[in-house]
S.K.: 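Dropping the structure in here first, questions after.
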Amino acid sequence: MSISMYLIIIIIGCFAITWVIRVAPFILLAKLDLPNGVIKWLQFVPICLFTALIVEGMLNKGEGFGYTFNVESIVVAIPTIIIALVTKSLTISVIAGMIVMAMVRLLM
């Protein structure tokens with residue numbers, strides 16, 4: 001199997017653009033002194049992104065314009081959220097969620 005030079009250039013270009021988009025804000029913001037209001041507002045960004053990912057995973061595209069609930073994901077989310085609230089640890093929550101998902105898939 002051979003890979004063309006065109007494909008290699010595309011892969012390197014995608015890597016470079018993705019890297020710049022993800023790293024540039026950290027480099028630029030590290031040199032700035034942001035007001036306290038902005039810093040407080042930025043603290044909510046991870047929570048909003050995480051919630052959007054979780055809710056999106058709990059819904060399935062239904063017939064037409066509607067959505068249906070993904071029962072498997074909801075069953076897994078409940079104990080995972082409880083574990084997250086108790087432990088306040090992202091690592092433990094993710095591992096617990098993976099274990100609960102494995103058990104649910106084994107049983108369903």
Side-chain angles (χ1 to χ4, degrees):
M1 181 175 120
S2 66
I3 298 177
S4 70
M5 185 56 78
Y6 176 75
L7 185 59
I8 292 173
I9 292 171
I10 293 292
I11 292 171
I12 292 171
C14 289
F15 165 77
I17 290 170
T18 301
W19 188 81
V20 167
I21 289 170
R22 292 176 187 227
V23 174
F26 291 108
I27 293 171
L28 294 173
L29 292 176
K31 297 178 183 180
L32 295 176
D33 240 357
L34 298 173
N36 286 336
V38 172
I39 292 172
K40 189 171 183 169
W41 178 79
L42 286 173
Q43 291 174 345
F44 291 105
V45 171
I47 296 168
C48 294
L49 292 175
F50 187 65
T51 303
L53 290 171
I54 297 297
V55 171
E56 187 267 335
M58 289 183 182
L59 298 173
N60 291 331
K61 182 98 168 103
E63 299 283 329
F65 294 108
Y67 287 90
T68 59
F69 289 110
N70 183 341
V71 177
E72 184 181 74
S73 294
I74 294 172
V75 168
V76 172
I78 293 169
T80 304
I81 290 170
I82 293 169
I83 291 168
L85 291 172
V86 170
T87 64
K88 307 251 191 291
S89 169
L90 180 62
T91 304
I92 293 172
S93 302
V94 169
I95 292 170
M98 290 170 39
I99 291 169
V100 174
M101 179 61 89
M103 293 185 333
V104 166
R105 288 191 175 169
L106 184 68
L107 297 173
M108 289 184 140

S.K.: State, with a plain yes or no, whether a side-chain heavy atom of L29 is found less than 4.5 Å away from one of L34.
M.R.: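 In contact.
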
S.K.: Decide whether M101 and M108 are clustered together by the hydrophobic rule: side chain heavy atoms of Ile, Leu, Val, Met, Phe, Trp, Tyr closer than 4.5 Å, transitively.
M.R.: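 Hydrophobic grouping puts M101 with M108.
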
S.K.: Please name the pair of heavy atoms, one in G57 and one in S73, separated by the smallest distance, quoted to 0.1 Å.
M.R.: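 Looking at all heavy atoms of both residues, the closest pair is O-OG, 3.3 Å.
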
S.K.: Is it possible for you to say whether I54 and I47 belong to one hydrophobic cluster, with membership spreading through side-chain heavy-atom contacts below 4.5 Å?
M.R.: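 No, I54 does not connect to I47 through the hydrophobic network.
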
S.K.: Got S4 and L7 here, is their nearest side-chain heavy-atom distance under 4.5 Å?
M.R.: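 Contact flag for S4/L7 side chains = yes.
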
S.K.: Are V45 and L42 side-chain neighbours, meaning at least one heavy-atom pair lies under 4.5 Å?
M.R.: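 With C-beta onward as the side chain, the pair touches.
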
S.K.: To the nearest 0.5 Å, how far apart are CD1 in I95 and CG in L90?
M.R.: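 Reported value, rounded in 0.5 Å steps: 9.5 Å.
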
S.K.: Are F69 and N60 close enough that some pair of their side-chain heavy atoms sits under 4.5 Å apart?
M.R.: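 F69 vs N60: side chains apart.
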
S.K.: Run the side chain to side chain contact (heavy atoms under 4.5 Å, CB included) test against A84 and tell me which residues pass, sequence neighbours left out.
M.R.: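 Applying side chain to side chain contact (heavy atoms under 4.5 Å, CB included) to A84 gives S93.
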
S.K.: Can you find a heavy atom in the side chain of I3 that is under 4.5 Å from one in the side chain of I8?
M.R.: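 When only atoms from C-beta onward are counted, I8 and I3 do touch, with a gap below 4.5 Å.
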
S.K.: Please say yes or no: joined through hydrophobic side-chain contacts below 4.5 Å, possibly via intermediate residues, are V75 and I99 part of one cluster?
M.R.: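 No; I99 is not reachable from V75 via cluster members.
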
S.K.: Count the heavy atoms of every other residue, nucleotide or ligand shown that sit under 6.0 Å from NZ of K61, and state whether that count exceeds 12.
M.R.: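 Counting other residues, nucleotides and ligands, NZ of K61 exceeds 12 neighbours.
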
S.K.: Measure the CD1-CZ distance between I17 and R22 for me, rounded to the nearest 0.5 Å.
M.R.: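 Atom-to-atom, I17:CD1 and R22:CZ are 13.0 Å apart.
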
S.K.: Grouping I, L, V, M, F, W and Y whenever their side-chain heavy atoms are under 4.5 Å apart, do F50 and V55 come out in a common cluster?
M.R.: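 Yes.
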
S.K.: Determine, stepwise, if the pair I83 / I92 fulfils side chain to side chain contact (heavy atoms under 4.5 Å, CB included).
M.R.: CA-CA 8 Å; I83 291 168; I92 293 172; 4.1 Å; yes

S.K.: Report the residue from V71, I74, V76 that forms a side chain to side chain contact (heavy atoms under 4.5 Å, CB included) with M58.
M.R.: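 Only one option passes, and that is I74.
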
S.K.: Can W41 be reached from I39 by stepping across I, L, V, M, F, W or Y side chains whose heavy atoms are under 4.5 Å apart?
M.R.: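 Linked, I39 and W41 end up in one cluster.
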
